[in-house]
Participant: 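Can you read through this structure? Questions will come right after.
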Amino acid sequence: MQTDDCSRVAALHGERFSRPWGDGEFHSLLMQPYVFGFVARQMNGLFKLPLAGFVLTRAVADEGEILTVAVHTKAARAGLGWRLMLAAMREVHARGGESLFLEVDDTNQAALGLYRKLGFAKVGERPAYYTDKNGVRTTALVMKRDLR
């Protein structure tokens, strides 16, 4: 992910999250020395998308954190989220990371299924952390995966 991807990344984030981040937030994060990301621009030519998916990650010392990840609805269930997460996990490990953390809404069953298949396990929770489109508060699950 490069800074010139920020507007497309922000647009996709806005389609997938009830509290979207703006392109300035993505740009600011990417300017930090320990933040990196990956984008997927096209999926096997099956459909034309300006951006099929992305993952934004931070790696500091021996830990990494998935800041956000999203896949376009037209690219869902095609393994793209899996590949983006694997790329982030490999890069965190290459930078010396021994563990990787993320937070996920406990109502997001698709994401929870993916993270569990990737070996993430719940290590904590933040009650009433997220607010959905209807103003309902939901719990954030804190998950961790060992990279050693």
Side-chain angles (χ1 to χ4, degrees), residues 1-97 99-115 117-118 120 124-145 147:
M1 183 185 302
Q2 303 295 322
T3 54
D4 60 348
D5 294 315
C6 290
S7 62
R8 285 190 275 334
V9 167
L12 178 54
H13 196 269
E15 293 172 17
R16 304 299 284 166
F17 292 92
S18 61
R19 204 309 262 156
W21 300 356
D23 59 345
E25 290 169 284
F26 282 102
H27 187 273
S28 178
L29 284 164
L30 279 174
M31 297 307 294
Q32 296 177 19
Y34 302 108
V35 175
F36 62 91
F38 296 98
V39 295
R41 300 187 197 290
Q42 186 67 39
M43 296 253 327
N44 302 326
L46 296 175
F47 34 77
K48 302 290 184 210
L49 295 171
L51 188 74
F54 70 88
V55 61
L56 187 66
T57 311
R58 177 180 11 240
V60 180
D62 65 346
E63 292 183 351
E65 177 187 11
I66 300 295
L67 300 173
T68 188
V69 57
V71 173
H72 196 284
T73 54
K74 290 182 180 178
R77 301 270 186 221
L80 181 57
W82 179 271
R83 290 192 301 274
L84 286 165
M85 289 293 294
L86 287 178
M89 290 164 44
R90 280 192 299 267
E91 183 63 22
V92 168
H93 183 69
R95 293 178 182 214
S99 57
L100 183 60
F101 291 86
L102 59 82
E103 292 177 356
V104 59
D105 189 321
D106 69 345
T107 66
N108 189 340
Q109 295 304 310
L112 283 167
L114 171 64
Y115 300 147
K117 285 180 186 175
L118 285 165
F120 284 85
E125 57 183 59
R126 300 175 199 266
Y129 187 77
Y130 295 114
T131 304
D132 73 10
K133 295 178 223 175
N134 301 317
V136 176
R137 306 284 295 186
T138 58
T139 297
L141 301 181
V142 180
M143 302 183 83
K144 178 184 177 185
R145 183 186 192 279
L147 298 177

Participant: Around atom CZ of Arg137, are there more than 12 heavy atoms of other residues, nucleotides or ligands at under 6.0 Å?
Facilitator: yes

Participant: Take a 6.0 Å sphere around OH of Tyr34 and say whether it holds more than 12 heavy atoms from other residues, nucleotides or ligands.
Facilitator: no

Participant: Taking only residues two or more places apart in sequence, or in another chain, which ones meet Arg126 in a salt bridge (Lys or Arg N to Asp or Glu O under 4.0 Å)?
Facilitator: Glu103

Participant: Please indicate whether Gln2 has more than 12 foreign heavy atoms, meaning atoms of other residues, nucleotides or ligands, lying under 6.0 Å from its CD.
Facilitator: no

Participant: How close do His13 and Arg19 get, heavy atom to heavy atom, and via which atoms?
Facilitator: CE1-O, 4.0 Å

Participant: Can you tell if the side chain of Thr3 reaches within under 4.5 Å of the side chain of Met31, non-hydrogen atoms only?
Facilitator: yes

Participant: What is the distance from atom NZ of Lys74 to atom CD of Glu15, rounded to the nearest 0.5 Å?
Facilitator: 9.5 Å

Participant: For a side chain to side chain contact (heavy atoms under 4.5 Å, CB included) with Thr139, tell me which candidate from Asp105, Val104, Asp106 qualifies.
Facilitator: Asp106

Participant: Mind checking the CG-CZ spacing from Leu67 to Arg58? Nearest 0.5 Å is all I need.
Facilitator: 4.5 Å

Participant: How long is the gap from CG on Leu114 to CZ on Arg77, to the nearest 0.5 Å?
Facilitator: 9.5 Å

Participant: Name all residues meeting the ring pair (Phe, Tyr, Trp, His ring centres under 6.0 Å) criterion together with Phe54; count only those two or more places apart in sequence or in a different chain, and write none if there are none.
Facilitator: Phe26

Participant: Identify the two heavy atoms, one from Ala70 and one from Leu84, that lie closest to each other, and give their separation to 0.1 Å.
Facilitator: O-CD1, 4.4 Å

Participant: Are side-chain heavy atoms of Thr107 and Tyr130 found at a separation under 4.5 Å?
Facilitator: no

